[in-house]
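Inspection log for the structure reproduced underneath, given as structure tokens.
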Amino acid sequence: MTAFTVALVLVVAAAGLLRWRRPAWYWLAFGVTLAALRVLVRYRSVMDACGLTVPPARWRLALARATNQPIPEPRPPRIRRLRPTHTGLVLRLKLRPGQDVFDIAAASDRLRHSFSMFGVTSGEVRSGVVEVRMTGYDVLKRVQMPAETETRPMRVPVALREDGSVHYRDYRAIPHALTLGATESGKSVYQRNLVAGLAPLDVALVGIDCKQGVELFPLARRFSALADSPDTAAELLDALVARMADVYRLIRTQQRITVDVPDAEIAADIWDLPDELRPTPVVVLVDEVAELALYATKEEERRRDRIITALVRLAQLGRAAGIYLEICGQRFGSELGKGITMLRAQLTGRTAHRLNDETSANMAFGDIAPDAVLAAIQIPAELRGLAIAGDASGGWHRIRAPHTSLRQAVNLCNWYADRTPDLPELAPFRPTTGTATELVPSAKASPATA
């Protein structure tokens with residue numbers, strides 16, 4: 001008995017130490033079993049207390065009265081599957097007649113407390129089936145991306161969601177995006193993860209960094225074009241608009257609209273073209289959009305209108321030509337001038353790190369998810385990298401990118417430097433690079449040449 005007591009104390013101590021120092025290990029060793037038992041034992045009573053049950057069917061009541069049996073109890077949603085994951089549990093429920101997916105979403109916080117979980121989110125799988133994702137610990141406190149992620153063309157994993165799933169940046173589904181964040185909010189780390197995910201792909205990276213290139217020029221070996229000033233950015237964007245027109249002419253000549261060609265094979269964008277004819281897709285990263293919109297003289301105002309007009313054109317027409325925009329900034333508001341709200345309307349994806357003002361949060365989410373505005377401005381300063389991500393569907397969630405140092409990003413870009421495509425129309429803007437560890441940015445505010 002003494003040996004059993006000592007062993008039990010050691011196990012409890014080990015579990016407590018793991019829960020404090022290594023919550024992921026604790027969850028896999030002890031937490032997942034305890035949580036599954038807790039959910040199964042408490043399920044009916046918790047659903048009843050949360051108002052997620054429905055009265056028994058009338059025929060059941062009539063049968064109970066006719067046979068003098070006890071009245072059947074209210075019925076909760078039926079459990080179809082309980083699946084453990086490395087961060088929590090996934091509960092798939094079949095709704096009863098009269099129930100709605102919003103009933104489950106409204107009771108998420110009560111379910112979290114009742115099942116003693118860290119977080120609970122829900123989503124509709126199909127009509128009548130809801131998936132409830134429960135996390136056993138704070139997965140965003142120490143982000144650990146899964147070893148294996150789904151791979152698709154133009155789709156890269158960039159962060160971890162609060163429910164333990166991977167947040168992907170899918171350019172085929174959401175071609176253009178807006179990323180906001182105050183100083184020291186983690187926006188640069190998010191951008192590095194994005195570049196790191198794109199580096200192994202067959203894609204051309206184009207950067208506009210008006211902070212004299214301090215953010216993007218260290219990654220220059222993987223970029224096909226870089227601009228470090230508004231003057232250079234205006235010329236670069238004009239070259240991208242010209243490339244877009246050339247790609248559309250190519251698509252027009254290859255559409256193959258004949259009666260013998262099936263509808264699915266008629267080319268409408270670059271992804272419908274044969275592999276040997278398909279132009280290289282281009283991802284344009286703008287590090288600080290406000291610098292492109294500010295002006296002090298008439299000449300700078302004309303340059304500003306030229307830049308914003310080019311960005312709006314690329315946002316409106318660039319998807320089919322394989323040109324995708326990543327607009328980043330600390331501040332984004334209507335006071336940046338005409339064309340800004342038009343540009344925002346074309347940026348389907350929205351990501352907001354900690355913001356210093358409510359106006360920027362409203363510009364990010366006010367038109368798609370008003371309830372995400374409050375979440376964006378409540379991000380604490382000590383949680384760098386925590387962000388709110390949403391899209392035009394109205395849904396939003398908290399994400400956090402794993403910490404990637406500038407050195408790690410530079411090494412990755414140098415490793416995949418051979419994948420950097422050489423685009424003739426962007427050749428005047430190709431950054432000058434030295435060895436794998438030495439980069440030579442342009443000394444003047446003019447395009448760097450290779």
Side-chain angles (χ1 to χ4, degrees), residues 19 23-28 31-36 38-39 43 46-47 50 52 77 79-93 95 101-126 129-150 155-170 173-174 186 190 193 349-353 365 368-369 371-372 374-376 378-380 383 385-391 393-402:
R19 189 172 187 178
W25 295 1
Y26 167 81
W27 174 256
L28 294 175
V32 62
T33 304
L34 297 176
R38 195 161 52 239
V39 169
Y43 179 74
V46 167
M47 290 294 170
C50 293
L52 298 177
I79 298 179
R80 278 197 166 184
R81 185 173 65 186
L82 178 63
R83 177 170 59 90
T85 67
H86 67 285
T87 59
L89 298 173
V90 177
L91 194 65
R92 183 164 291 191
L93 306 177
L95 298 181
V101 63
F102 295 105
D103 299 334
I104 306 294
S108 295
D109 201 50
R110 285 175 285 172
L111 294 175
R112 177 174 68 89
H113 290 291
S114 301
F115 291 135
S116 301
M117 303 296 287
F118 183 83
V120 173
T121 59
S122 61
E124 183 178 358
V125 178
R126 58 181 179 272
V129 179
V130 176
E131 191 171 82
V132 180
R133 301 185 67 92
M134 298 181 284
T135 51
Y137 59 96
D138 187 1
V139 298
L140 300 184
K141 184 177 181 179
R142 183 182 297 171
V143 177
Q144 294 180 341
M145 299 290 285
E148 296 183 1
T149 56
E150 298 180 13
R155 186 171 186 257
V156 295
V158 292
L160 197 67
R161 295 183 180 180
E162 61 181 338
D163 60 1
S165 61
V166 178
H167 178 70
Y168 292 92
R169 179 69 178 92
D170 191 344
I174 302 176
Y190 177 86
N193 278 276
R350 312 285 175 83
T351 303
H353 296 74
F365 300 113
I368 60 171
D371 53 337
L374 186 61
Q378 288 182 340
I379 298 176
L383 289 180
L386 187 65
I388 307 297
D391 54 51
S393 65
W396 62 275
H397 40 263
R398 291 179 178 86
I399 65 170
R400 194 177 191 184

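These numbers come from the heavy atoms of this one structure, side chains and all, not from hydrogens, waters or symmetry mates.
With a 4.5 Å cut-off on side-chain heavy atoms, L140 and R398 count as touching. Annotation: side chain of I399 is in contact with side chain of T351 (closest heavy-atom distance under 4.5 Å). The side-chain heavy atoms of I174 and R169, taken from C-beta on, include a pair separated by under 4.5 Å. Using a 4.5 Å heavy-atom threshold, the side chains of V120 and D109 count as separate. Between C50 and D103, the closest side-chain pair of non-hydrogen atoms is not below 4.5 Å. Inter-residue side-chain proximity for R83 and R133 is flagged as met; some heavy-atom pair is nearer than 4.5 Å. You'll find the side chain of T135 stays beyond 4.5 Å of the side chain of M117, heavy atoms only. Put simply, the side chain of Q144 does not reach to within 4.5 Å of the side chain of H86, judged on heavy atoms.
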**OP:** Just do the side-chain contact (heavy atoms from CB on, under 4.5 Å) check on L383 and R400 with the steps written out, would you?
**Re:** CA-CA 9 Å; L383 289 180; R400 194 177 191 184; 4.1 Å; yes
Subject >> Residues I379, H353; criterion side-chain contact (heavy atoms from CB on, under 4.5 Å); working and verdict >> reply: CA-CA 8 Å; I379 298 176; H353 296 74; 5.5 Å; no
**OP:** Go through Y168 and T149 one step at a time and tell me if the side-chain contact (heavy atoms from CB on, under 4.5 Å) criterion holds.
**Re:** CA-CA 9 Å; Y168 292 92; T149 56; 3.4 Å; yes
**OP:** Let me see the working for H397 and T121 under side-chain contact (heavy atoms from CB on, under 4.5 Å), right down to the final yes or no.
**Re:** CA-CA 9 Å; H397 40 263; T121 59; over 6 Å; no
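Across F115 and R38, no two heavy atoms sit closer than the pair O-NE, 2.9 Å. A159 and M145 get closest at one heavy-atom pair: O-CE, 3.5 Å. Contact record, V130 with S122: CG1-CB, 4.1 Å, taken as the closest heavy-atom pair. Scanning all heavy atoms of the two residues, the minimum distance from A372 to I388 falls at CB-CG2, 4.1 Å. The two residues L95 and V101 have their closest heavy-atom pair at CD1-N, 3.9 Å. Here the closest heavy-atom approach between residue T87 and residue D163 is recorded as OG1-O, 4.0 Å.
Considering CG of L160 and CZ of R142, their distance stands at 14.0 Å, rounded to 0.5 Å.
In terms of modelled atom types and a separation under 3.5 Å, the side chain of S108 and the main chain of I104 share a donor-acceptor contact. Judged purely by atom type and a 3.5 angstrom limit, Y137 has no side-chain atom pairing as donor or acceptor with the backbone of G31.
The ring pair (Phe, Tyr, Trp, His ring centres under 6.0 Å) check on F365 picks up nothing, with sequence neighbours excluded. Judged as a salt bridge (charged side-chain N to carboxylate O under 4.0 Å, His left out), and not counting sequence neighbours, R161 has no contacts. Under the side chain to side chain contact (heavy atoms under 4.5 Å, CB included) criterion, L91 pairs with V39, Y43, I79, L82, L93, V132, M134, not counting sequence neighbours.
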